[in-house]
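Have a look at the structure below before the remarks.
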Amino acid sequence: MINPSPTSAPAPRVPVVIIGAGPAGLTVANILRAASVDCVVLETESREFVEQRPRAGFIEEWAVRALRHRGLADRLVERAQAHSECEFRIDGEQHRFRYATLTGDRHFVYPQPLLVTDLVREYAVKGGEILFGVRDVALHGIDGDRPTVLYTDPRTGERRRIDCDIVAGCDGARGVTRAHVAPDRGTVARYDYGVGWLALLAEAPPSSDCVVFGVHPRGFGAHMARSPEVTRYYLEVAPGEDPENWSHDRVWSELHARLSATGAPALTEGPLIEKRVLDMHSYVVEPMTYGRLFLAGDSAHLVAPIAAKGMNLALHDALLLADALVAYYLRGDADGLRGYSAACLRRVWEYQEFSRWFAELLHGPSSGDPFRAGSARARLRRILGSPAAAATFAESYIGKVTGPMAMTTP
Ligand code: RFL
């Protein structure tokens, strides 16, 4: 569909250009292709890179249902493990929290690279076009009715141009599309948690059948399954800390200390195949649209991975955007596009608020501030002791949406 034409020749015209082949961009692309709405995806990295980049692992059941409904979750449902409980460890004791019993919904453990691989394959099967390895993507005219997207073709090094109606900005936290909305055409709300998390991937089988949150005065620690061979761990550290300060032995001794509890099996150690420090911060761009540009996923909002929400939100945006675009192209109905930003932002803020609330429970006891520590412990006791508090926590933890927000569940 995209002619290898120099910028001087007539530019190809495609209804929708999608920038970024992450979960958000690929979901939009697949749904458009299935509805015969033409689109093209531009991605800076190679196919191999995006199919291997390790990140998320926990997908909420509403998102799995929505993907399945669109024929995008067959392999996920076949291969993912479902989790219905999590566990808190504090003062050497284990406390199981059975959220699926309270909500009816579970998490599906499916590493993000597998989901991306499935979505790339499915899109290719439908004849969809992705250009990997493009450089210097630039948008023009998004406030008019004929936007153009420029990029450098990796095969020839030449500058190319595509004319389109709509640009979907799905290029993540480090992309270029967000700059067209923020800061002068909208607001960017930011929050810095003031802590770092050492994010680790260990070549070791999970040591528990569920997510484990270690709430400890030395700092928070967590265990999350990824696959039968690989487990993700987190350790709270100082922001900006150099991961090289954390040797194999130091990591494992700290994980043992922060995740220990009477009766809990010892952690199975293994080589650390990823070790990086995340400075825990979040942002939200409002509105998520400007002219013909629609942001989706991390390009519009970053949620620190405290409650494993980022990819789930990216999928929520993508499903809403794709459905709105299909309604626009097939039925001439622009209501979905007009209401897109507001519909996304309701869930975005719900998840941001929950992540911040949960973060205080996890970080308070190690803050060095006795008031925060005491409050955090009270928060945890309430979840574990009060059925009403447990139900509220469970709904937010699994992303079960009730009330007016339920209307935005795709
Ligand atoms: P992505 O996945 O970053 O994809 C954006 C794509 O755009 C490309 N790109 C460009 N392409 C063209 N032109 C440009 N100028 C471009 N600039 C960038 C990038 O190469 C990339 O391919 O964004 P998307 O689709 O919005 O998806 C968001 C999720 O990736 C993210 O929210 C999650 O990974 C967050 N997250 C988690 N979310 C969950 O829901 N559950 C989890 O369990 C979970 N665990 C995590 C996480 C994030 C983590 N890190 C690394 C911050 C665990 C970790 C450690």
Side-chain angles (χ1 to χ4, degrees), residues 17-29 40-60 62-64 80 83 107-113 115-116 119-120 130-139 149-152 154 167-180 196-201 211 222 224-226 232-235 274-283 285 288 295-319 321 344 347-348 351 355 397-399:
V17 176
I18 299 166
I19 319 276
L26 291 166
T27 301
V28 174
V40 62
V41 183
L42 301 180
E43 164 62 50
T44 44
E45 302 291 350
S46 67
R47 177 170 180 174
E48 297 69 39
F49 184 87
V50 300
E51 291 186 349
Q52 283 167 21
R53 179 171 42 201
R55 278 194 182 169
F58 278 72
I59 311 183
E60 296 168 352
W62 66 264
V64 174
H83 277 204
H107 280 108
F108 286 70
V109 185
Y110 199 60
Q112 183 167 334
L115 180 65
V116 166
L119 292 173
V120 170
I130 307 185
L131 299 181
F132 288 102
V134 301
R135 291 273 161 257
D136 304 323
V137 171
L139 315 185
V149 179
L150 295 174
Y151 66 96
T152 301
V167 179
C170 305
D171 48 348
R174 300 207 174 121
V176 292
T177 60
R178 182 168 66 253
H180 289 267
W197 277 18
L198 182 63
L200 303 151
L201 276 180
V211 168
M224 297 180 187
R226 278 296 184 264
R232 186 171 277 295
Y233 287 96
Y234 292 112
L235 282 172
E274 188 194 65
K275 196 167 65 169
R276 53 191 289 211
V277 171
L278 309 175
D279 282 337
M280 300 299 271
H281 67 282
S282 298
Y283 60 74
V285 176
M288 287 169 52
L295 302 180
D298 280 10
S299 67
H301 40 72
L302 192 73
V303 197
I306 289 157
K309 296 294 189 191
M311 184 166 74
N312 289 287
L313 273 184
L315 292 172
H316 183 252
D317 294 350
L319 292 159
L321 180 57
C344 293
R347 188 182 284 249
V348 169
Y351 280 22
S355 296
Y397 183 64
I398 192 55

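Quick caveat, the model's predicted, so the values are computed rather than measured. For ligands, and for the atoms within them, numbers begin at 1 and follow the listed sequence. Each residue takes its place number in the sequence, starting with 1.
Under 4.0 angstrom from ligand 1, there are no non-hydrogen atoms of I59. Under 4.0 Å from ligand 1, heavy atoms of A24 appear from its side chain as well as its backbone. Within the 4.0 Å heavy-atom criterion, the part of Y234 lying near ligand 1 is the side chain and not the backbone. Only the backbone of C170 comes within contact range of ligand 1, with a heavy atom under 4.0 Å; no side-chain atom does. Under 4.0 Å from ligand 1, the heavy atoms of V137 that appear belong solely to its side chain.
At least one side-chain heavy atom of M311 sits under 4.5 Å from a side-chain heavy atom of Q112. A 4.5 Å side-chain heavy-atom check between Y110 and V64 finds every atom pair outside the cut-off.
When hydrogens are left out, the protein atom nearest atom 14 (C) of ligand 1 is T44 CG2, 3.5 Å; that is the closest non-hydrogen contact. Regarding atom 37 (C) of ligand 1, its nearest protein heavy-atom neighbour is A56 CB, 3.2 Å.
Among E45, R53, R174, the residue whose heavy atom sits closest to atom 22 (O) of ligand 1 is R53. Taking only non-hydrogen atoms, the option from Q112, R276, E43 nearest to atom 51 (C) of ligand 1 is R276. Closest to atom 41 (N) of ligand 1 by heavy atom, among A308, G169, P54, is A308.
A tilted orientation is assigned to the rings of W197 and Y234, their planes being inclined by 30° to 60°.
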